[in-house]
Amino acid sequence: MTLLSYLHCNPSKSLTFQRFCSPSRIAHKLFDGSSQRNATTYINHSISESLRRNSPAKALAIFTENLQLGSSGRIMDEVTLCLALKACRGDPRRGCQIHGFSITSGFTSFICVSNAVMGMYRNAGRFGNALCIFENLVDPDVVSWNTILSGFDDNQVALNFVVRMKSAGVVFDAFTYSTALSFCVGSEGFRLGLQLQSTVVKSGLESDVVVGNSFITMYSRDGSFKDAKRVFDEKPVKDMISWNSLLSGLSQGGNFGFEAVLVFREMMREGVELDHVSFTSVITTCCHETDLKLARQIHGLCIKRGYETLVSVGNMLMSSYWKCGVVEAAKSVFYQMSERNVISWTTMISANKDAAVSIFHEMRLDGVVPNEVTFVGLINAVKCYEQIKKGLKIHGICIKTGFVSKVSIGNSFITMYAKFEALEDARKAFDEIKIQEIISWNAMISGYAQNGFSHEALKMFLSAAAETMPNEYTFGSVLSAIASAEDISLKHGQRCHAHILKLGLYSCPVVSSALLDMYAKRGSINESEKVFNEMSVRNQFVWTSIISAYSSHGDIESVMNSFQEMVKENIAPDLITFLSVLTACNRKGMVEKGYEIFNSMTKDYNLEPSHEHYSCMVDMLGRAGRLKEAEELMNEVPGGPGVSMLQSMLGSCRLHGNVKMGEKVAELAMEMKPELSGSYVLMYNIYAEKGQWEEAAEIRKKMRKKEVRKEVGSSWIDVDDNEGSLTTLGFSSGDTTHPKSEEIYRMVEILGLEMNLEGKFDCSLENFSCRNPVSL
DNA sequence: GTAGGGTTAG
């Protein structure tokens with residue numbers, strides 16, 4: 001036996017030997033030409049041993065040294081190259097070098113080397129390169145196909161590839177099945193998963209442990225708990241991984257948290273060994289359910305079992321505390337972790353927006369390299385216009401480091417510039433993205449919508465719908481744009497409605513609450529009601545939407561009924577819900593009821609009323625003539641009353657003819673916002689109605705001096721001119737700009753006469769053409 | 001079989 005084969009068979013001796021001399025040197029020194037096979041085996045063994053011990057750097061060092069010493073003849077084969085490529089672990093620089101070497105040395109003719117090269121590119125985030133190599137392979141084997149399959153991140157694209165594999169006659173192995181099944185998410189994916197199951201049975205792989213586990217994951221992720229349990233129960237040996245498959249499937253997606261916790265409890269009861277995957281999976285559930293109590297219990301168990309110091313478990317604990325709104329607890333987990341990786345730091349950055357930049361610097365000092373997600377977190381931490389400098393700096397860093405070319409980074413920049421109200425820059429960020437995905441479109445649409453550019457939002461939506469498939473986010477944003485723009489025809493909203501039905505997005509609460517709201521804001525309360533009644537999932541947003549819809553339509557009875565029902569269904573009302581209810585009380589002058597609800601906000605729901613809630617209450621009291629109480633409440637408002645509250649108070653003073661209080665309030669309002677005409681107009685009216693013409697004239701003079709103009713009010717009408725116009729026409733009082741205005745006024749006159757004949761309304765033409773009797 | 005991010009509605 002040569003020394004080499006001896007060392008090969010005795011790894012412990014080999015290690016002792018290596019303390020004095022590197023494996024490559026040993027191999028080269030002892031390589032005598034006749035035992036090249038042994039020398040190569042020895043090198044390969046050393047490299048794979050380093051990989052097994054999780055030291056890829058050492059594995060690469062052995063490979064490199066072997067190359068350098070190789071002048072006397074190379075000790076390597078195709079396996080050596082495969083191992084070296086594996087050791088690159090996502091480092092594209094080293095990977096490219098070895099790829100180059102494989103080409104020049106002719107090793108790429110071995111299919112296993114080409115497969116390893118593709119795997120390397122896939123792990124280095126250069127999936128495009130891998131794909132390119134694959135498409136040029138003369139005779140790919142099942143491993144080549146599997147390598148590519150596992151690189152897709154889009155479920156649909158991956159499943160299309162599976163279909164392509166089938167039609168190319170590839171014989172699936174266990175790896176193909178388990179990878180394919182991991183993409184079987186959603187109803188369509190699930191259907192394909194079922195098809196795969198029948199072929200698994202035919203191929204005799206159904207007893208394969210890995211494939212079985214993948215089926216368990218697929219079924220439990222889809223909510224087919226019974227099927228998951230069936231596959232699970234049929235397993236002859238229920239190892240930890242089978243249990244974990246069941247658990248992790250239920251934890252993902254966030255719809256079966258309850259079942260996940262049950263499985264976890266059963267694992268404990270059955271005495272199944274728990275590992276870091278069991279813990280991370282069950283903690284994921286706390287994240288989705290935002291169940292703080294559960295998170296704390298599991299955290300305790302982690303400590304007891306000694307898992308809390310593990311990076312993956314610690315990361316998940318941080319994330320669940322953060323999602324449950326206890327950032328402090330997340331921080332303390334972070335500081336107690338013995339080892340932190342880029343995910344731990346990124347979670348910290350995302351959870352602490354205010355300190356994001358300093359945490360980022362700390363991370364760099366710690367020697368941790370940021371990745372795409374880290375930068376996304378950092379960009380997200382930029383909150384408002386005041387932080388524009390910070391945002392630009394981050395943009396600069398992303399350009400320098402090349403991260404700017406990543407789609408997710410581009411998407412984040414769109415949102416950031418939209419926050420700065422810099423829509424042109426947002427648009428630039430959008431245009432610079434090479435291939436815009438639906439998220440990019442969504443970011444742009446919502447940017448326009450939130451900044452009041454409804455028409456741009458709509459245009460963007462139409463382009464997006466032509467280019468790609470809109471999702472629930474897309475419709476949420478575009479519907480809110482249509483809702484707030486009276487000069488966009490309702491037909492667009494109805495088209496969206498049809499589109500939503502077609503795409504099967506109707507059951508999504510985000511979409512339907514936006515739809516409901518859009519119809520309500522555009523006057524079709526019946527449509528809103530219909531949408532609401534057809535909804536299966538009713539969350540806080542949905543309930544609030546319908547309540548505010550009824551409220552804005554003055555249907556107080558429905559408001560109160562819905563509110564009670566919401567509370568009964570254990571959906572917590574929030575600030576906006578209360579605002580809608582209070583607005584309704586205000587409209588109907590239900591002061592006592594309003595007060596009761598207002599007080600219950602702090603008492604029963606621990607909600608701090610905002611300015612708007614106070615405004616509503618002040619207005620309610622004022623309208624009811626309880627001016628003194630209104631004034632008192634106004635003085636209780638944290639930060640003092642705003643101008644709109646003062647103006648509503650002025651309105652009440654006018655209603656009840658209280659000149660003295662009116663003067664006091666008007667003075668405050670004019671001081672606060674001298675450019676707003678409303679304060680002057682209201683005070684003018686108060687004087688005018690009391691016949692105090694001199695004082696009224698003073699107000700008029702004041703207005704002229706300060707060059708305050710009264711804004712012209714206007715309305716919109718959706719005219720169906722048979723030309724398919726999808727915008728509405730705006731018009732204001734006394735407006736004669738429309739080419740058919742004469743005809744229109746004649747019609748108004750006729751309508752007015754008819755209504756008068758009915759005797760129900762006072763509809764003199766004067767009131768029609770001039771909605772505000774007092775003009776200045 | 002597990003962990004961080006980008007788009008959403010009242």
Side-chain angles (χ1 to χ4, degrees), chain A residues 178 182 209-210 213-214 216-217 220-221 239-249 251-252 275-284 287 310-320 322 341-351 370-380 406-416 418 433 437-447 449-450 464 470-480 483 508-518 520-521 539-549 551-552 573-577 579-580:
Chain A
S178 69
S182 72
V209 185
V210 179
N213 289 340
S214 302
I216 296 176
T217 310
S220 52
R221 194 174 43 205
D239 61 335
M240 181 175 59
I241 297 185
S242 325
W243 280 98
N244 281 350
S245 306
L246 199 61
L247 181 62
S248 76
S251 308
Q252 288 168 27
D275 75 345
H276 60 289
V277 178
S278 330
F279 278 109
T280 45
S281 298
V282 76
I283 304 168
T284 307
C287 253
L310 249 169
V311 202
S312 62
V313 174
N315 288 347
M316 210 49 239
L317 279 170
M318 278 171 71
S319 163
S320 65
W322 167 39
N341 62 11
V342 62
I343 298 182
S344 333
W345 284 100
T346 304
T347 310
M348 270 301 270
I349 289 173
S350 309
N371 63 18
E372 188 181 336
V373 186
T374 319
F375 277 105
V376 167
L378 206 55
I379 301 167
N380 252 340
K406 296 274 178 197
V407 189
S408 63
I409 302 271
N411 295 341
S412 302
F413 278 128
I414 298 175
T415 307
M416 183 186 86
I433 296 173
E437 37 184 51
I438 187 62
I439 301 183
S440 326
W441 289 96
N442 291 345
M444 207 57 232
I445 295 170
S446 86
Q450 285 168 359
N471 64 9
E472 63 267 37
Y473 292 79
T474 327
F475 286 107
S477 295
V478 73
L479 284 170
S480 93
C508 170
V510 173
V511 174
S512 34
S513 71
L515 196 60
L516 189 168
D517 179 60
M518 187 273 299
K521 289 213 173 110
N539 64 12
Q540 190 187 53
F541 270 79
V542 175
W543 279 105
T544 306
S545 302
I546 192 71
I547 290 173
S548 91
S551 175
S552 59
D574 72 353
L575 287 174
I576 300 176
T577 325
L579 192 58
S580 304

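Just so we're on the same page: letters track the sequence lines, and every chain starts at 1.
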Below 4.0 angstrom from OP1 or OP2 of [N], is there any side-chain N or O of [X]?
{"X": "Gln540(A)", "N": "dA9(B)", "result": "no"}
{"X": "Gln252(A)", "N": "dA3(B)", "result": "no"}
{"X": "Asn380(A)", "N": "dG6(B)", "result": "yes"}
{"X": "Ser480(A)", "N": "dT8(B)", "result": "no"}

Among [options], which is the nearest nucleotide to the side chain of [X]?
{"X": "Val277(A)", "options": "dG5(B), dT2(B), dT8(B)", "value": "dT2(B)"}
{"X": "Glu437(A)", "options": "dG6(B), dT8(B), dG10(B)", "value": "dG6(B)"}
{"X": "Val510(A)", "options": "dG4(B), dA9(B), dT7(B)", "value": "dA9(B)"}
{"X": "Asp517(A)", "options": "dT8(B), dG10(B), dA3(B)", "value": "dG10(B)"}
{"X": "Asn471(A)", "options": "dG6(B), dT2(B), dT7(B)", "value": "dT7(B)"}
{"X": "Ser312(A)", "options": "dA9(B), dT2(B), dG4(B)", "value": "dT2(B)"}
{"X": "Ser545(A)", "options": "dT2(B), dG10(B), dG4(B)", "value": "dG10(B)"}
{"X": "Ile576(A)", "options": "dG10(B), dG6(B), dA9(B)", "value": "dG10(B)"}

Atom-pair distance ([atom1] on [X]; [atom2] on [N]), nearest Å:
{"X": "His276(A)", "N": "dT2(B)", "atom1": "NE2", "atom2": "P", "result": "10 Å"}
{"X": "Ile414(A)", "N": "dT7(B)", "atom1": "CD1", "atom2": "C1'", "result": "9 Å"}
{"X": "Trp345(A)", "N": "dG4(B)", "atom1": "CH2", "atom2": "C1'", "result": "14 Å"}
{"X": "Asn371(A)", "N": "dG5(B)", "atom1": "CG", "atom2": "P", "result": "12 Å"}
{"X": "Leu515(A)", "N": "dT8(B)", "atom1": "CG", "atom2": "C1'", "result": "14 Å"}

Contact class for [X] (heavy atom, under 4.0 Å): base, sugar-phosphate, or nothing?
{"X": "Ser513(A)", "answer": "base"}
{"X": "Asn213(A)", "answer": "nothing"}
{"X": "Thr347(A)", "answer": "sugar-phosphate"}
{"X": "Asn539(A)", "answer": "base"}
{"X": "Thr577(A)", "answer": "base"}

Could you check whether any side-chain N or O of Ser551(A) sits under 3.5 Å from a backbone N or O of Ile547(A), counting only pairs where one atom can act as donor and the other as acceptor? no
Please confirm whether the backbone N or O of Asn315(A) pairs with a side-chain atom of Ser319(A), one donor and one acceptor, at under 3.5 Å? no
Which heavy atom in Ser281(A) sits nearest to a heavy atom in Ser251(A), and how many Å separate them? O-OG, 3.0 Å
With a centroid cutoff of 5.5 Å and a plane-angle limit of 30°, would you call Tyr473(A) stacked on dT7(B)? yes
Check this for me: does the side-chain of Asn411(A) come within 3.5 Å of the base of dG5(B) through a donor and an acceptor? no
Do the side chain of Thr415(A) and the base of dG6(B) come within less than 3.5 angstrom through a donor-acceptor pair of N or O atoms? no
Please identify each residue that fulfils side-chain hydrogen bond (donor to acceptor under 3.5 Å, both in side chains) with Thr284(A), with sequence neighbours left out. none
Gln252(A): partners by side-chain hydrogen bond (donor to acceptor under 3.5 Å, both in side chains), with sequence neighbours left out: none
With no hydrogens and no angle check, just 3.5 Å: does a side-chain donor-acceptor pair link Asn471(A) and Thr474(A)? yes
